[in-house]
Amino acid sequence: PSASSSDATNKPSAPPRTSRLRGFYKLSIEERLAEVQRFAGLNEDEVAALRGVDSERLNQANRMIENVAGLFHLPVGFGANFQIDGRDVLVPMVIEEPSVVAACSNAARLLRSGDGIITDATAPEMIGQIQLCDVPDVEAARAAILANSDRLVGLANEGHPRLMARGGGARSIEARIIAESEIGPMLIVHIVVDVCDAMGANLVNSMAERLAEECETLTGGSAYLRILSNLADRCLIRAVGRVHVDQLARPGLGYSGRDVAIRIERASVFAEVDPYRAATHNKGIMNGIDAFLLATGQDWRAVEAGAHAYAAQNGHYSAMATGRVEGDELVGRIEVPMQVGIVGGVTKVHPVVKVLLKVVNASTATDIGRIAASVGLAQNMAAIMALATEGIQRGHMSLHARNIAAAVGAKGSEIDRVVAEMIRRSSISHDSAAEVLRDTQGARLPASGKVPPLSIEELRQVRDTHWPAIENLIADLLPRPDKASEGQLALSRVFWYQLGTGGKRLRAVIPLVVYKAFGGDPADAVPLAAAIEVLHNATLVHKDAADRLRQRRGHDTAWVRFGQDQAVTAGDAMLF
Ligand code: MEV
């Protein structure tokens, strides 16, 4: 508030909010929650939402990261239909964005019609980097490192007997000269490590730290950073999937299967040559990959970083996945670095991750990588197939629209009504949802909150105004019998006899007054009114025959007049 405002001078000023919370990490979870509550002015319900339902879960979370004061829930969905290297896989995905799970399940269904998705993997080798600065002679230093590479590999492996026993360990040493930089030349030593089933960060970091001193001795430089590289270009997964073009046909949109395949190829080439498009193309791929990685407790930020860096490796940021028409097939391909693990990290700690890993049933880290790449491939195929045909908004936004409808307060069946109306208006936004909700609620109840009763007079007036149009419409479809046909037992004779017995025509009037109440023109409801009146009379013809009722509205019933067989058959015809 401004200093001159009278409010500000009258009210005692609240203590300034500060995020400088001394010893926050030493507090219990409940104490931390209380601090967060104070800071943000949360009410008890909001604190309860943060706390989650299960206090043991909160304790488990407290062992995972620092300063825990809450749990955050995200949906777990399952990507269906995946067949990867001949094995059926149900793919758990944790994601907040609607349509991702549906889209990749759809593409996986198409892809399994061929051989499914086939993958190929390099050894799971990660790179650790040692940055050496102030090296007197970088060329000589590089030669010294390479000359001692076996010794350095041995030294790196010394501390990791279990990794060696599993067939992993440091494999080789490389040295790269960065000749020019703001801080002068640098020598970068790489240690390449087969990390087996671990993601490898801890292993590689500890090896890099272990070798740093020896590298300094060999080069005369000073070691600075000692850390793995997330550009994991020795730990690659390739996946390929094929779909017969006929499977892609969208006759409703006027596209043959080959048309769709060609459109997908064009979308792919666009992303391959234009970084602006590539970023979005790749974002779609990572929608699938990240959701699976999150579900299986992987360091998805590492994979993100590596995937984007790899997509720019030849100096031009490009598409991670491509699509090509080859003969009668659309062939999708993806190549991504995959730094993932099934040991370490939260894989054995997070209770939901443990269950989801059981669903995935991966026996090696590379299996996780193969699935991740496959989900990325399927996700991309689904996204560009939609983009290249009907556009993304219809499917994507109709799911998104449900969230928006709920967010503006629609409940139960109201959500469907609001979504349908937003789609009809081609306007999906919070404002639009709120407006539709107001309109539909307004239409249901007048401002007074009371529905005024309809008078008999009003009903009669509506009937008398519109009945001639209803009768004319029926007569267009089923002409009145003429004199010449008298004596013949034609359907129209039974029908028009039945209709001529009169009645209030209330069934026809109801749709007319409902239309009117919602602000419509009752004339537009004439076909519906006609249909309902015929349907109603069909039930009367059958009922009178079944009940042996001889008179209705002061006239013989139809079966009395025309016989049981004719009445039942005419009633059937009226139903049709
Ligand atoms: C939206 O989350 C992802 C897409 O934009 C991906 C793409 O454009 O390929 C649909």
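Only this structure's heavy atoms are used, side chains among them; waters, hydrogens and symmetry mates stay out.
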> Name the one of L218, I145, D134 that satisfies side chain to side chain contact (heavy atoms under 4.5 Å, CB included) with L187?
I145
> About how many Å separate CD of E272 and NE2 of H316, when rounded to the nearest 0.5 Å?
9.0 Å
> Distance from K283 atom NZ to D290 atom CG, nearest 0.5 Å?
9.5 Å
> Which residues pass the salt bridge (charged side-chain N to carboxylate O under 4.0 Å, His left out) test with E125, sequence neighbours left out?
none
> Are the side chain of S432 and the backbone N or O of S427 linked by a donor-acceptor pair below 3.5 Å?
yes
> Is the backbone N or O of V245 less than 3.5 Å from a side-chain atom of D328, with the two atoms forming a donor-acceptor pair by type?
no
> Does this structure show an ion pair linking R258 with D246, if we count only N-O contacts that are shorter than 4.0 Å?
no
> I'd like to check the side-chain contact (heavy atoms from CB on, under 4.5 Å) partners of I65; sequence neighbours left out, ordered by chain and number.
V68
> Does S268 offer a backbone N or O that forms a donor-acceptor pair with the side chain of T322 under 3.5 Å?
no
> Let's go through N230 and Q339 carefully: what are the C-alpha distance in whole Å and the side-chain angles of both, what is the deciding distance for side-chain hydrogen bond (donor to acceptor under 3.5 Å, both in side chains) to 0.1 Å, and is it a yes or a no?
CA-CA 8 Å; N230 287 123; Q339 39 208 309; 2.8 Å; yes
> How about R324 and V269: do any of their side-chain heavy atoms sit closer than 4.5 Å?
yes
> Tell me, please, which residues at least two apart from E139 pass salt bridge (charged side-chain N to carboxylate O under 4.0 Å, His left out).
none
> Verify, without hydrogens or angle tests, whether D259 (side chain) and S256 (backbone) share a donor-acceptor contact under 3.5 angstrom.
yes
> At their closest point, which heavy atom of A261 faces which heavy atom of L248, and how far apart are they?
CB-CD1, 3.9 Å
> Provide the closest heavy-atom pair for L90 versus V359 in the form atom of the first, atom of the second, distance.
O-CG1, 3.9 Å
> Quick one: do D194 and M126 satisfy side chain to side chain contact (heavy atoms under 4.5 Å, CB included)? Show the steps, please.
CA-CA 6 Å; D194 183 329; M126 294 290 289; over 6 Å; no
> Strictly below 4.0 Å, N to O, side chains only: are E56 and R63 in salt-bridge contact?
yes
> Look up atom CZ in R51 and atom CG in L58, then write down how far apart they are to the nearest 0.5 Å.
8.0 Å
> Is there a side-chain contact between D85 and I118 in this structure, where contact means two heavy atoms from C-beta onward sitting under 4.5 Å apart?
yes
> Closest heavy-atom contact between G323 and L330?
C-CD1, 4.5 Å
> Looking at residues at least two apart in the chain, or sitting in another chain, which of them share a salt bridge (charged side-chain N to carboxylate O under 4.0 Å, His left out) with R109?
none
> Is there a donor-acceptor contact under 3.5 Å from the side chain of S206 to the main chain of N202?
yes
> Is the shortest heavy-atom distance from the side chain of L356 to the side chain of H350 under 4.5 Å?
no
> If you look at every heavy atom in L377 and R333, which pair is closest and at what distance?
CD1-N, 3.6 Å
> Can you tell if the side chain of R87 reaches within under 4.5 Å of the side chain of N361, non-hydrogen atoms only?
yes
> I need the single residue from E174, H190, R226 that forms a side-chain hydrogen bond (donor to acceptor under 3.5 Å, both in side chains) with Q129. Which is it?
H190
> Taking the side chain as every heavy atom from C-beta outward, state whether D431 and E435 have any atom pair closer than 4.5 Å.
no
> Are R250 and M385 packed together at the side-chain level, in the sense that at least one heavy-atom pair is separated by less than 4.5 angstrom?
no
> I want to check something: taking the side chain as every heavy atom from C-beta on, are V100 and Q379 in contact at a cut-off of under 4.5 Å?
yes
> Would you please test N157 and M207 for side chain to side chain contact (heavy atoms under 4.5 Å, CB included) and show each step?
CA-CA 8 Å; N157 281 331; M207 286 185 181; 3.7 Å; yes
> Check side-chain contact (heavy atoms from CB on, under 4.5 Å) between V101 and all other residues, then give those that pass, not counting sequence neighbours.
M93, I95, S105
> Return the CZ to CZ distance between R266 and R263, rounded to the nearest 0.5 Å.
8.5 Å
> State which residue, out of I289, V346, T347, V303, fulfils the side chain to side chain contact (heavy atoms under 4.5 Å, CB included) condition with Q298.
T347
> Please report the interatomic distance CG(L211) to CG(L152), rounded to the nearest 0.5 Å.
5.5 Å
> Counting distance only, does the side-chain N/O of E265 pair as donor-acceptor with the main-chain N or O of I262 below 3.5 Å?
no
> side-chain contact (heavy atoms from CB on, under 4.5 Å) with A365: which residues, sequence neighbours excluded?
D197
> What's the shortest heavy-atom distance between A156 and A170, and which atoms?
CB-CB, 3.9 Å
> Quick one: does E216's side chain have a donor or acceptor within less than 3.5 Å of a partner on A223's backbone?
yes
> Any idea which heavy atoms bring A69 and L50 closest together, and the distance?
O-CD1, 3.8 Å
> Donor-acceptor check, side chain of N148 to backbone of A144, threshold 3.5 angstrom: yes or no?
yes
> Does CG belonging to D115 count more than 12 external heavy atoms closer than 6.0 Å?
no
> Take atom CG in D150; do more than 12 heavy atoms of anything else shown fall under 6.0 Å from it?
no
> If you measure from CG on L110 to NE2 on H244, what distance do you get to the nearest 0.5 Å?
13.0 Å
> Pair H281, I285 - check side chain to side chain contact (heavy atoms under 4.5 Å, CB included), show working.
CA-CA 7 Å; H281 182 93; I285 293 168; 3.9 Å; yes
> Could you go through the side chain to side chain contact (heavy atoms under 4.5 Å, CB included) check for T366 and I237 one step at a time?
CA-CA 8 Å; T366 304; I237 306 283; 4.0 Å; yes
> Less than 4.5 Å apart, side chain to side chain, heavy atoms only: is that true for T296 and V340?
no
